[in-house]
J.: 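A single structure is presented below for examination.
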Amino acid sequence: MKAYIVEKALLTDNIEKLIRQAGDTPIWAVLKGNGYGLGCVPMARILSSCGVERFCVTEVKEAVMLREAGFADNPILMLRQTQDPEEINLMLDMNIIFTVGSLDCAMVLGGIAAQRSAMAEVHLKIDTGMGRYGFLPEQVDQAIRVYEYQKNIVVGGIYTHFHSAFGNDHATREQFLRFRQVVKEIQDAGYETGTVHCCNSSAFLRYPEMYCDGVRLGSALLGRVAVPNRLALRRIGYVEADVEEIRWLPAGATTGYTAAWKAKRPTQVAILSVGWFHGLGTENGHDLFRARDCIRGILHYCRILLTGKNLTVQIGEHSCKVLGRVGMLHCAVDVTGTDIKVGDHAIVNINPLVQKGMKILYR
């Protein structure tokens, strides 16, 4: 047996802690990446049971899954803009809130909505430094033209996204000031900006003064945050797999590709059907950090080389070292001196964003 386990009680506890911290500020739950790898629909159901009814997605198929699962009237914000007529028509059919960050996007959306005699609700995206979608602060006049000339578009919100809220205080505060200035200029021109929001999970945990009219939380739901975890959020998700074989390797024997590990003494080995294909030993997000974070990463791997410390899995009360290179679908772990046997359950820590090839079980 092998499955990715989500403990509903811990997830619910995280959500309740975040709700208490948010106070009267509405939470928009970010369910991108199919609910951060845990499934949009089951995540949305647990969130809804806790009182969180607003969702954000990045793919049309995620919005479709939510609507078809019964979330017929919940606000769903698409966090990327699109000029694809097929996507636009489908999102209009499902009453999805659009992101608009350019006049070109607004013109395409407004034209299709006019053909259908429909009104498209949008949130304006302001690019304060992320560099992906959005009107630049100096293009505020173009954002205002969305109000003036797109009669089939109604602006229900405005937002930006922080690029370094996990570590760069100065940059985050500068982004916030630029964003608030754009909001002020639009409001001074006589237009309603609707829901104003800018905080992602990291900013939510560090800057309560920036909550505005809503906050967008994703990684915080899973307790996997890149800032001090002052709310004591619990990490969500792990792999549970059975020990499939126990064997002894004599001194001098090797295991894994390139024979990277060689037994110095007779070693008892357990085989698990979990490998890099499932996410074991894979990392993501290193390119998000600053130069000093990259240096820390290099030092981390140097320590592994010098000390021999490596990946471990938990089998019963034993923390067992993974031996050699992780295979595509299997790994070998050292169980010498334990009473571990075939069929015992192993707990393997794998980030849900990189896990795949396994059934997800909510318990």
Side-chain angles (χ1 to χ4, degrees), residues 1-11 36-39 222-224 234-286 294 296-363:
M1 190 279 289
K2 176 172 65 265
Y4 199 87
I5 308 300
V6 182
E7 295 176 289
K8 291 189 289 186
L10 296 185
L11 177 57
Y36 280 75
L38 299 180
L222 278 61
R224 295 175 178 268
R234 300 287 295 275
R235 289 168 68 90
I236 302 300
Y238 62 87
V239 173
E240 187 176 270
D242 291 343
V243 173
E244 299 201 343
E245 181 181 355
I246 299 286
R247 61 201 311 261
W248 279 95
L249 295 179
T254 60
T255 186
Y257 288 107
T258 73
W261 177 85
K262 179 183 290 189
K264 296 179 180 179
R265 61 186 65 85
T267 304
Q268 191 176 32
V269 174
I271 305 300
L272 307 176
S273 60
V274 181
W276 58 256
F277 173 79
H278 305 106
L280 178 60
T282 62
E283 299 288 342
N284 68 317
H286 287 313
C294 294
R296 287 172 183 164
I298 293 170
L299 293 175
H300 168 73
Y301 288 114
C302 287
R303 283 196 297 271
I304 289 175
L305 289 174
L306 292 173
T307 65
K309 293 181 179 179
N310 211 321
L311 297 170
T312 61
V313 303
Q314 191 74 23
I315 306 178
E317 299 178 351
H318 306 286
S319 179
C320 305
K321 182 179 177 180
V322 176
L323 301 176
R325 293 184 181 274
V326 174
M328 179 178 180
L329 300 170
H330 294 86
C331 67
V333 301
D334 186 353
V335 295
T336 307
T338 72
D339 57 356
I340 293 169
K341 60 186 182 301
V342 171
D344 285 352
H345 293 320
I347 303 300
V348 187
N349 182 29
I350 293 178
N351 190 315
L353 276 176
V354 299
Q355 68 82 20
K356 61 179 179 178
M358 293 174 288
K359 183 178 182 179
I360 300 174
L361 296 180
Y362 278 74
R363 290 179 178 170

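We're numbering straight along the sequence, starting at 1. Basis for what follows: all heavy atoms, side chains included, without hydrogens, waters or symmetry-related copies.
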J.: List, one per line, each side-chain donor-acceptor pair under 3.5 Å for residues 355-363, sequence neighbours excluded.
T.:
{"residue": "Gln355", "atom": "NE2", "partner": "Gly37", "partner atom": "O", "Å": "2.9"}
{"residue": "Tyr362", "atom": "OH", "partner": "Leu38", "partner atom": "O", "Å": "2.7"}
{"residue": "Arg363", "atom": "NH1", "partner": "Glu240", "partner atom": "OE1", "Å": "3.3"}
{"residue": "Arg363", "atom": "NH2", "partner": "Glu240", "partner atom": "OE2", "Å": "3.0"}

J.: Restricting to non-hydrogen atoms, name the atom on His278 and the atom on Lys2 that form the minimum distance, rounded to 0.1 Å.
T.: NE2-CE, 3.5 Å
J.: Nearest 0.5 Å, what's the CD1-NZ distance between Ile246 and Lys341?
T.: 9.5 Å
J.: If I take atom CH2 from residue Trp276 and atom OG1 from residue Thr282, how far apart are they, to the nearest 0.5 angstrom?
T.: 10.0 Å
J.: Can you name the closest pair of heavy atoms from Val243 and Ile315 and give their distance?
T.: CG2-CD1, 4.1 Å
J.: Rounded to the nearest 0.5 Å, what separates atom CG in Leu222 from atom CZ in Arg234?
T.: 13.5 Å
J.: Check whether any side-chain heavy atom of Val269 sits under 4.5 Å from a side-chain heavy atom of Thr255, and report yes or no.
T.: no
J.: For the residue pair His330 and Ile271, establish whether any side-chain heavy-atom pair is separated by less than 4.5 Å.
T.: yes
J.: Over all heavy atoms of both residues, which pair between Arg224 and Asn351 is shortest? Give the atoms and the distance, please.
T.: NH1-CA, 3.9 Å
J.: NE2/His345 to CG/Asp242 distance, rounded to the nearest 0.5 angstrom?
T.: 5.5 Å
J.: How close do Lys321 and Thr312 get, counting heavy atoms only, and between which atoms?
T.: CA-CG2, 4.1 Å
J.: Between Gly281 and Leu311, which heavy-atom pair has the shortest distance, and what is it?
T.: CA-CD1, 3.7 Å
J.: Taking the side chain as everything from C-beta on, heavy atoms only, tell me whether Trp261 gets closer than 4.5 Å to Asp334.
T.: no
J.: On a heavy-atom basis, which atom in Thr267 and which in Thr336 lie closest, and how many Å separate them?
T.: CG2-OG1, 3.3 Å
J.: Could you measure the distance from the CG atom of Asp339 to the NE2 atom of His318? Nearest 0.5 Å is fine.
T.: 4.5 Å
J.: Is there a donor-acceptor pair under 3.5 Å between the side chain of Tyr4 and the backbone N or O of Ile350?
T.: yes
J.: Side-chain contact test, heavy atoms from C-beta onward, threshold under 4.5 Å: evaluate it for Ile340 versus Cys320 and give yes or no.
T.: yes
J.: Considering only heavy atoms from C-beta outward, does the side chain of Leu10 approach that of Arg235 to under 4.5 Å?
T.: no
